[in-house]
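To keep things clear, I will list the structure first and then write my remarks on it.
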Amino acid sequence: MSAAEDDRPRVRYEKKDHVAYVTLDRPHVLNAMDLRMHEELAAIWDDVEADPSVRVAVLTGAGERAFSVGQDLKERARLNAGGAPPTTFGSRDQPGWPRLTERFAFAKPVLARVDGYALGGGFELALACDVIVASERAEFGLPEARLGLVPGAGGAFRLARQLPLKQAMGHLLTGRRMSAATAERFGLVNEVVASERLDECVAGWTRDLARSAPLSVRAIKEAVLASLDMPLERAFATRYVWEERRLRGRDLVEGPKAFAEKREPVWSDD
C-alpha cells in the first residue's frame, strides 16, 4: 500500500436533496473494507442519523467492478500474524462498532446500489440495507466457509431470513455465488437493470423514498423489522418509538390536507 493511499479517506460522503451518498472508495482493491474504513463508516452513519435533512442514504462502491468484496484479507492476515484475536459473529470491541450490520434501530432507509461483486462483508452490508438495486453484472456471495471463516456480519442470520432456507444454506455452506438475476428471482433484490441504467434507477428509488413522509417511513421501518418474529396480535399491540413520534408530529395532518388541496405535501424534517 502506498503512503498516498494510506492517507486518503476510505469513504466518500456527500449530501444532496435529502439524500446521503456513501461510497466505499478503495476501487483498486475492489472496495475491500479495512479497519480504518469501518471507523470512517461509523462516523458517517452517526451523521446520517443525526442530520434531520437526510431522509434516505445510498450505499455503493467506487468503480465498476465491485460494490465491495468484504473484509480486507491481507490486513486480516497481518493482524493474525501479530496475534490479534480472531473475528467471530458481530463487531463489538472492533473499530467502527456498531457497524451498519448491527445498527438494528437505524431509523432511516438505506438503499444499496450494487454494481459488480458484493462478496463476504460486502454482501452482508447489502443485506442490512432496506432496498437493493443491482446491475445485471452484480454478483453476490458469502465465501467465508472456503476461507475458514464465518459470515460474522450478519450473513449467516440475514440470508436465512431473506431466502428460502435450503437456498440460503446452499450458498452459506459452499460459498457459491449468486447472479443478479437469481437474486431478483428470489426477491433478494428489488430491481435489476443494465449497468448503464443503474444510476437512473437508483435516482427513481431515492426520489420516491425522499418524497414519502419521513416519520411515516421510520415508523413503518421500525414496526416491520421489530415485528418480524412476533405473533400478529402482539405486533398490533406493541408500542413503537417512531410511531409515537409520528403521532405527535404534524405530517399526519399535512398529508391529508395536501391531498385535499391537490398539492405536494411539505414534510417536517423530524
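Computed from a prediction, not measured in an experiment: that's the story for all the values here. Heavy-atom basis, side chains included; hydrogens, waters and symmetry copies ignored.
Between Arg65 and Glu139 there is no salt bridge, since no side-chain N of the basic residue sits under 4.0 Å from a carboxylate O of the acidic one. By the 4.0 Å N-to-carboxylate-O rule, Arg158 lies too far from Glu124 to be salt-bridged with it. Between Asp17 and Arg55 there is no salt bridge, since none of the side-chain N atoms of the basic residue sits less than 4.0 Å from a carboxylate O of the acidic one. With respect to the salt-bridge test (charged N to carboxylate O, under 4.0 angstrom), the residues Arg26 and Asp34 qualify. The pair Glu243-Arg218 does not meet the salt-bridge criterion, since no charged nitrogen lies less than 4.0 angstrom from a carboxylate oxygen. For Arg8 and Asp25, the salt-bridge test passes: some basic side-chain N is under 4.0 Å from an acidic carboxylate O.
At least one side-chain heavy atom of Glu254 sits under 4.5 Å from a side-chain heavy atom of Trp267. Side-chain atoms of Val58 and Thr206, non-hydrogen and from C-beta on, do get closer than 4.5 Å to each other. Counting heavy atoms from C-beta outward, Glu39 and Arg10 have side chains that stay 4.5 Å or more apart. The shortest side-chain heavy-atom distance between Trp242 and Val217 does not fall under the 4.5 Å cut-off. Considering only heavy atoms from C-beta on, Asp46 comes within 4.5 Å of Arg103 through its side chain. The side-chain heavy atoms of Asp251 and Pro214, taken from C-beta on, include a pair separated by under 4.5 Å. Lys166 places none of its side-chain heavy atoms less than 4.5 Å from the side chain of Met169. At a threshold of 4.5 Å between non-hydrogen side-chain atoms, the residues Phe157 and Arg161 count as touching.
Listed by chain and number, the residues in a ring pair (Phe, Tyr, Trp, His ring centres under 6.0 Å) with Tyr240 amount to none (sequence neighbours excluded).
Heavy atoms of other residues, nucleotides or ligands lying less than 6.0 angstrom from CD of Glu233 number 12 at most.
Across every non-hydrogen atom of Arg146 and Thr174, the tightest pair is NE-O, 2.6 Å.
Side-chain atoms of Glu136 and Ser195 include no donor-acceptor pair closer than 3.5 Å.
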*For Gln94 and Thr87, run side chain to side chain donor-acceptor pair (under 3.5 Å): C-alpha distance rounded to whole Å, both residues' side-chain angles, the deciding distance at 0.1 Å, then the answer.*
CA-CA 9 Å; Gln94 296 290 320; Thr87 58; over 6 Å; no
*Given the rule in the side chain to side chain donor-acceptor pair (under 3.5 Å) test, do Asn31 and Tyr117 qualify, once you have shown the distances and angles that lead to the verdict?*
CA-CA 10 Å; Asn31 301 315; Tyr117 299 117; over 6 Å; no
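Distance check, rounded to the nearest 0.5 Å: CZ of Arg113 to OH of Tyr21 gives 11.0 Å.
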